[in-house]
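Below is one structure, written out as structure tokens; comments come after it.
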Amino acid sequence: MPAKNVVKTYVENGYYHIYNRGVEKRDIFLDEQDYSVFLHFLKQYLSPPQPKGTFLTMTGLHLVRPRPVHPLHNEIDLLAHCLMPNHFHLLLKQKTPDGMIKLLRRLCTSYVMYFNKKYNRVGSLFQGTYKAVLIDRDEYLLHLSRYVHLNPVLDKVLDKVTPCQEYPFSSYQYYLGKKKAKWLKPKEILEFFKTAQRLNFKDILSYQSFVEDYSQPPEETLGNFTLE
């Protein structure tokens, strides 16, 4: 029997929760530059053509066979993301039947090439192919965005007194209006809420309250949609 969520359903205009972790659950981001490079690749593939040379400036590395940057901004909308030390989460909408395949192949291959060259290693970095769950209900879409943004707290990367909005490697700060990026599309989820930020302690209609004050654990709501 295949591992959970390895067998994928490809649907035009479908919403997906995508995730993968390091082989043997090893860390795939070892320093701040690694996180930044992964996000840089996301930006490259989800934006109109970018100026050349940015990758070399960021890393000082020359890749022997860099993956061609064919922008996918007309095929993919990235709704949310979170990068954790040994895994990543993406919440996206693919507008074409194969947009997700294109993005994940290029993104993961480019990052593995960078990582292996930087750390003088060979072989696989990720635990097999990426996992993808088709989201067929608005309720699951909203709760998955909450799960993705709470990951630093759920996995105890942040302590209990540090709010998840301070985690720098997720899209949560973009949802709260503290950062902006054209390659990230939070509007589709934020439209379900009256405001993005919590206006007062009794506010129950904001996205921030939905994420930070919701009492039920995400795993109980989402089940098969979460990382195994």
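Numbering of residues begins at 1 and proceeds along the displayed sequence.
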**Asked** Where do Phe88 and Phe38 land on the ring-ring contact (aromatic ring centres under 6.0 Å, His included) test, with the steps shown first?
**Response** CA-CA 10 Å; Phe88 67 83; Phe38 191 94; 5.2 Å; yes
**Request:** Step by step, work out the ring-ring contact (aromatic ring centres under 6.0 Å, His included) result for Tyr167 and Phe169.
**Result:** CA-CA 6 Å; Tyr167 190 68; Phe169 308 118; 5.7 Å; yes
Hydrogens and angles aside, do [X] and [Y] bring a side-chain donor and acceptor to less than 3.5 Å of each other?
X: Arg121; Y: Asn116; answer: yes
X: Tyr175; Y: Ser145; answer: no
X: His17; Y: His89; answer: yes
X: Lys178; Y: Gln165; answer: yes

**Glu32 atom CD: more than 12 heavy-atom contacts under 6.0 Å** =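 No, CD of Glu32 has 12 or fewer neighbouring heavy atoms, counting only those of other groups under 6.0 Å.
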Listed partners of [X] passing side-chain hydrogen bond (donor to acceptor under 3.5 Å, both in side chains), at least two apart:
X: Ser170; result: none
X: Glu24; result: Arg26
X: Asp27; result: none
X: Asp213; result: Arg198

Is it true that a side-chain atom of [X] and a backbone atom of [Y] form a donor plus acceptor pair closer than 3.5 Å?
X: Ser47; Y: Gln44; answer: no
X: Tyr19; Y: Val133; answer: no
X: Asp155; Y: Val157; answer: no
X: Ser206; Y: Thr195; answer: no

**Prompt:** Picking from Leu104, Leu90, Leu107, what satisfies side-chain contact (heavy atoms from CB on, under 4.5 Å) with Tyr130?
**Reply:**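 The single option meeting the side-chain contact (heavy atoms from CB on, under 4.5 Å) with Tyr130 is Leu104.
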**Co-members of the apolar cluster containing Val23 [side chain, <4.5 Å]** =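 Val23 shares its hydrophobic cluster with no other residue.
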**Message:** Side-chain heavy atoms under 4.5 Å apart, restricted to Ile/Leu/Val/Met/Phe/Trp/Tyr: what other residues fall into the cluster of Ile204, or is it alone?
**Reply:**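 Besides Ile204, the hydrophobic cluster comprises Leu205, listed by chain and residue number.
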Name each donor-acceptor pair under 3.5 Å that joins a side chain in residues 180-187 to protein atoms two or more places apart or in another chain, with its distance.
{"unit_1": "Lys185", "atom_1": "NZ", "unit_2": "Lys182", "atom_2": "O", "d": "3.0"}

**Message:** Test: salt bridge (charged side-chain N to carboxylate O under 4.0 Å, His left out). Region: residues 75-87. Which pairs qualify, not counting sequence neighbours?
**Reply:** Glu75-Lys102, Asp77-Lys95
**Message:** Once salt bridge (charged side-chain N to carboxylate O under 4.0 Å, His left out) is applied, what residue pairs with a partner in residues 34-43 remain, sequence neighbours excluded?
**Reply:** Asp34-Lys118
Can you name the closest pair of heavy atoms from [X] and [Y] and give their distance?
X: Cys164; Y: Glu212; answer: SG-CG, 4.2 Å
X: Asn20; Y: Gly128; answer: ND2-O, 3.0 Å
X: Gln94; Y: Gly99; answer: OE1-N, 3.4 Å

Between [X] and [Y], is any pair of side-chain heavy atoms under 4.5 Å apart?
X: Pro48; Y: His73; answer: yes
X: Ile135; Y: Leu91; answer: yes
X: Phe126; Y: Arg21; answer: no
X: Leu176; Y: Gln208; answer: yes

**Request:** Report the C-alpha separation of Tyr114 and Tyr119 in whole Å, then their side-chain angles, then the decisive distance to 0.1 Å, and conclude whether the ring-ring contact (aromatic ring centres under 6.0 Å, His included) test is met.
**Result:** CA-CA 9 Å; Tyr114 152 78; Tyr119 295 107; 7.3 Å; no
**Request:** Sequence neighbours left out, what passes salt bridge (charged side-chain N to carboxylate O under 4.0 Å, His left out) with Arg137? Give chain and number order.
**Result:**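 Residues passing salt bridge (charged side-chain N to carboxylate O under 4.0 Å, His left out) with Arg137: Glu139.
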**Prompt:** With sequence neighbours excluded, what pairs up with Asn74 under the side-chain contact (heavy atoms from CB on, under 4.5 Å) test?
**Reply:** none
**Prompt:** What orientation do Tyr111 and Phe29 show, parallel under 30°, tilted 30 to 60°, or perpendicular over 60°?
**Reply:**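 Aromatic pair Tyr111/Phe29 classed tilted.
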**Request:** Using the test ring-ring contact (aromatic ring centres under 6.0 Å, His included), find all partners of Phe193 that sit at least two apart in sequence or belong to another chain.
**Result:** Tyr207, Phe210
**Item:** Intermediate values then yes/no, side chain to side chain contact (heavy atoms under 4.5 Å, CB included), Val11 and Thr9
**Value:** CA-CA 6 Å; Val11 177; Thr9 303; 3.8 Å; yes
**Asked** So Phe115 and Leu30, side chain to side chain contact (heavy atoms under 4.5 Å, CB included) or not? Walk me through it.
**Response** CA-CA 9 Å; Phe115 191 93; Leu30 302 184; 3.9 Å; yes
